[in-house]
There are 4 protein chains.
Amino acid sequence: MAEAKRAQSSDKRQRILEGALKAFARKGFYNTKVSEIASEAGVADGTIYLYFKNKDDLLISLFEDRMEWVIERLRSELAEVEGDIFKKIHRIIELHFRLATDQADLAEFITVELRQSAKFVKEYKNQRFVDYLVIIEELVAEGQKEGVIRDDVDSRLVSRAMFGALDEVLLQLTLSKAAGMDVERMTAQVADLFVEGLKSR
Amino acid sequence: MAEAKRAQSSDKRQRILEGALKAFARKGFYNTKVSEIASEAGVADGTIYLYFKNKDDLLISLFEDRMEWVIERLRSELAEVEGDIFKKIHRIIELHFRLATDQADLAEFITVELRQSAKFVKEYKNQRFVDYLVIIEELVAEGQKEGVIRDDVDSRLVSRAMFGALDEVLLQLTLSKAAGMDVERMTAQVADLFVEGLKSR
Amino acid sequence: MAEAKRAQSSDKRQRILEGALKAFARKGFYNTKVSEIASEAGVADGTIYLYFKNKDDLLISLFEDRMEWVIERLRSELAEVEGDIFKKIHRIIELHFRLATDQADLAEFITVELRQSAKFVKEYKNQRFVDYLVIIEELVAEGQKEGVIRDDVDSRLVSRAMFGALDEVLLQLTLSKAAGMDVERMTAQVADLFVEGLKSR
Amino acid sequence: MAEAKRAQSSDKRQRILEGALKAFARKGFYNTKVSEIASEAGVADGTIYLYFKNKDDLLISLFEDRMEWVIERLRSELAEVEGDIFKKIHRIIELHFRLATDQADLAEFITVELRQSAKFVKEYKNQRFVDYLVIIEELVAEGQKEGVIRDDVDSRLVSRAMFGALDEVLLQLTLSKAAGMDVERMTAQVADLFVEGLKSR
DNA sequence: AATGAATGAGCATTCATTCAT
DNA sequence: AATGAATGAATGCTCATTCAT
C-alpha cells in the first residue's frame, strides 16, 4: 500500500512534469498558465502545489528531471561507443540532434527555455546543464591528453562552442518542423566540422 | 523647427528603446514592467504608446533597431578586412565577442531574448537575424566557390552552427561578468576551431 | 453537498448581481468600477470573473435576470386580475409604477440603462425587454379582437408608446425621490388616459 | 476683422458640436473619445478645450444648443397652427417623429443620452428639456382652462407621459433605420390615442 | 487662437497561490 | 492526498486634459 501510494504519487508528479513539458514547449514558460499544466496533467490546480513549491520550482524540477535523463542516456551511449574520441563526439552530436525527432517537446523546451532559466531563476545554478557541458569538456581534455586533439584550445571554451552550435541547429530543426531534414547528414557534417577543427596536426 | 521636433521625437523614441534594452537585459522581457521602461527612459508611461503599439511591438522594434545596427557594423568591418575568407570569419567572431564588453546590455538582450521572440511572437519573422545568418552563409559559400572551404558542408548549416557557437560563448562571457576573460584569446581559439574545420584539404 | 455547493455558488452570483444593481443604479454602468461591485457584493474582484465573462456580460446578465423577474411577476399578477382588458392595463401601469417604491434600485437601473444597453451592446438583443412589450401588445390585440379597443391603432405602436410613457413617469418618480408622490393617483390618471384613448367608441 | 474672427470661432465651435453630435449618436458619450470628436470636427484635440471646459461640458453644451433649436422650432411651428389645442398636440407629435428622418443623429442622441445626462452630470439640471416639457404642460393646462381637456389629470404628469411615449417611439424609429416606417400614420395614431385620452366628455 | 505631443491617473482583467472541504 | 472556488496583487493600456510652441 505504501508503495502503491508512492507509486501513485510519483505517477502524479510525472504527469505534472509531462504536462508542463508539453505546455512550456508549446507556449513558453511565461505564457503557460498553471491551470493549463494542471488540465494537461489531468489534476486539479491545487494539486500541483503538493508536488512543487511554485511555478518556478516546477520549471527547475523539469530541467533537473529531463536533463538528468538526457545525461544518463548520453553517458550510457558514450560508454557503448567503440573507437576513438572523435567517434564519441560524433555520437554526442547524433544524440543531440536525435532529440528533435525523438522528443520534439523536450528539444523545444531545452532550446528555448534554457537561457531564460539560467538568467532569471537567479538562485538556480543549472547544475545538470553544467554536467552536460562537462561531459564534452572532459572528452576534449582526454583527447588532448591522448594527443589527438590540439593542445591550443581551452576545453571549456570548446565545450561551450560545441553546445551552442548543436543547440542552435537543434532549434532550427525543431522550429521548422515541416522540412524533411536529413538528420544523419546534418550530424555527419557538423561532426566533421568539429572533428577537423579539433584534430591535432 | 520641424527638424527640431522630429529630432526630439526621434530622441524620445531612442530613449525608450535604450530604456527597454537596459531593462530587458537586466530582467528579461516578461519581468520588465512598462512603467520601468518609461522611468528608465525618463518619459511617462503613456508616451511609450505614442511610439510603439504595445509591449510586444517595443520588443520587436528593439530587435529591428539593434540588429540593423549590428549588421551594418558587421558589413562595414568586413568590407575593411584585407585578406582571405578566413580573415573575415575571424573578424566576425571578434566582432561578436566584442559585444560582450562594448555593449553588454545588447549582448545580454540578444543572447537571451532572441530565442523567446523567435518562438512566441510568431507573426514576427526576425528578418534582421536572418540577415545576420546570411552574411555568414554567403561568406562560406564564397569560400566554397573559391575552393578554400570544403565543399561537403551545407553553408546554411554551417552558418547556424557558427552563430550558435558564438552566441553561446557570448552568453557565457556576458553572464560571468568577471572581467578576467581574454576576449582576444577566445576569439583566436574559436576562429581557429572553425577555420580548421572548414578548410579544404 | 453538491446542492450546498451549488446553492453557495448561486448565492455568490446573486450577491454580485445585487451589488451590480445597486452600484449601476447609483452611478451608472460606466461610472461603476468592477471593484466597487465586488466590495458591494462582499467578494474579491477576481471572483466576479468566475461568474461573468466581463463587465458587459455582467450588465447583460443583470438585465436578463431582473427583467425575467419583472415579467414573471407581471404575468402572475395579470393572471389574477378579474375583469376586462382595461383592468389589466390598469394593473400593468400600477405594477410599473410600484417599482419606484418597491425596488428603487431596479427602477433606476432599468429606466436609465435600458437605452444605453440596447444601443451599445449591439450583439445583445434585449429579448426580455421585447417580452415585456409583447405582453402589452398582446393585451391590446386581444382587446381589439374583443371589440373593446379601437381597431385603428397598431398594437405594437401602442405597446411602445405605453411603455415609453410609463418608463418616463417612472424615471421622474425615481429621480425625484421626494416621497410626496401619490403613486395611486398617478396610476389612476395614466391608466385613465390610455384607457380613454384606446376605447372603441 | 473682429466679426470675421468671431465668425470663425463660432464656426469652429459649431463644427465641434456637430462632430460631437455625430460621434455621440454613433457610439454614445462614454465610448466616444475626445480625439474622435476633434478629428470629426477637423480641429486639434486641444482646440476643443478652448471652447468647452471638458467632455461633460461639451455634452451639456450640445444639449443646450440642440434643445434650444428644437424648442424654437417647436414654438414657431405651434404658432403657425390654426385650430384647436388638439391640432397643436398633433403638431408636437409630428415634429417629434420627424426628427427621426430629418435629423437622425440628433434623434439618436436625444433618445439615448438624455437619461444619462439627467442622472450623471449631477450639477446640470437640463433646463432645455424642462422647457420642452413645459410647452406640452402649458398646452394641456390651456386646454383644461378652455374646458376641452379633462380636468382630472395632472398636466405635468401628462406632459411626462406624452414625452415618454413620443421618445420611446422615436427611439424605435431611430434604431430600426431599415423599415420604411410610415411616419405620418404613426403620428396620426399616437396623436389620436392621446387626443381621445385627453378629451373632456 | 491653434496645435498635438506628452502626461499620468485610472481601471478592467489575469492568474499564481491558498485553503476550506 | 486532492480538489477547485476564491482570492487580490499586479500590470498593460487608455484617454481626458495640459501646455510649450
Side-chain angles (χ1 to χ4, degrees), chain A residues 5-6 8-9 12-13 30-39 42-58, chain B residues 1-2 4-6 8-9 12-13 16 30-39 42-58, chain C residues 1-2 4-6 8-9 12-13 16 30-39 42-58, chain D residues 5-6 8-9 12-13 30-39 42-58:
Chain A
K5 249 189 197 165
R6 211 175 319 124
Q8 199 182 30
S9 274
K12 213 155 256 184
R13 193 186 134 95
Y30 288 103
N31 289 305
T32 297
K33 291 174 225 169
V34 171
S35 66
E36 287 171 352
I37 297 171
S39 108
V43 301
D45 294 14
T47 304
I48 288 182
Y49 292 85
L50 295 175
Y51 295 92
F52 304 94
K53 220 174 67 203
N54 52 37
K55 200 184 168 190
D56 281 2
D57 181 43
L58 180 49
Chain B
M1 184 114 104
K5 250 187 200 165
R6 212 174 319 125
Q8 200 181 27
S9 269
K12 212 154 259 182
R13 193 186 136 94
I16 293 169
Y30 288 103
N31 289 307
T32 297
K33 287 175 250 180
V34 171
S35 65
E36 287 170 352
I37 298 172
S39 102
V43 301
D45 292 18
T47 304
I48 288 180
Y49 293 87
L50 293 177
Y51 294 92
F52 304 95
K53 227 173 61 205
N54 51 39
K55 201 183 165 191
D56 281 0
D57 182 42
L58 179 49
Chain C
M1 180 114 102
K5 249 188 200 166
R6 212 173 320 124
Q8 198 183 28
S9 268
K12 212 154 258 184
R13 194 187 134 95
I16 292 168
Y30 289 104
N31 289 306
T32 297
K33 286 173 251 180
V34 171
S35 66
E36 287 171 353
I37 297 171
S39 102
V43 301
D45 293 15
T47 304
I48 288 181
Y49 293 86
L50 294 178
Y51 294 92
F52 304 95
K53 226 173 61 203
N54 51 37
K55 202 183 165 191
D56 281 1
D57 181 43
L58 180 49
Chain D
K5 251 190 196 163
R6 211 176 317 126
Q8 199 182 28
S9 275
K12 211 155 256 185
R13 194 187 134 95
Y30 288 103
N31 289 304
T32 297
K33 291 175 227 169
V34 171
S35 66
E36 287 171 352
I37 298 172
S39 107
V43 301
D45 293 14
T47 304
I48 288 180
Y49 292 85
L50 295 176
Y51 295 92
F52 304 95
K53 220 173 68 205
N54 51 37
K55 200 183 170 192
D56 282 2
D57 182 42
L58 180 49

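The sequence lines fix the lettering, A, B, ..., with proteins before strands; numbering per chain opens at 1.
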Task: B/S/- contact track for nucleotides 10-17 of chain F, protein heavy atom under 4.0 Å - done: -SSBBSSB
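A 4.5 Å side-chain heavy-atom check between C/Tyr51 and C/Leu58 finds every atom pair outside the cut-off.
Regarding D/Lys12, its NZ atom lies at a distance of 10 Å from the P atom of E/dA1, rounded to whole Å. The CD1-C1' distance, from C/Ile48 to E/dT13, rounds to 11 Å in whole Å. A/Leu50 places its CG atom 13 Å from the P atom of F/dG4, with the value rounded to the nearest Å. Rounded to whole Å, atom P of E/dT13 lies 10 Å from atom CG of C/Leu58. Atom CD1 of C/Ile16 is separated from atom C1' of F/dG8 by 14 Å (rounded to the nearest Å). For the pair C/Arg13 CZ and F/dA6 P, the computed distance is 13 Å after rounding to whole Å.
Annotation: side-chain contact (heavy atoms from CB on, under 4.5 Å) contacts of C/Val34 (sequence neighbours excluded): C/Ile48, C/Tyr49, C/Lys55.
Closest of all the heavy-atom pairs between A/Asn31 and A/Glu36 is O-OE1, 4.0 Å. Counting all heavy atoms, side chain and backbone alike, C/Thr47 lies closest to C/Ile16 at O-CD1, 4.3 Å.
Consecutive pairing runs in DNA chain E reach the stem threshold at E:2-21 with F:2-21, where a stem means at least three Watson-Crick or G-U wobble pairs with distances under 3.5 Å.
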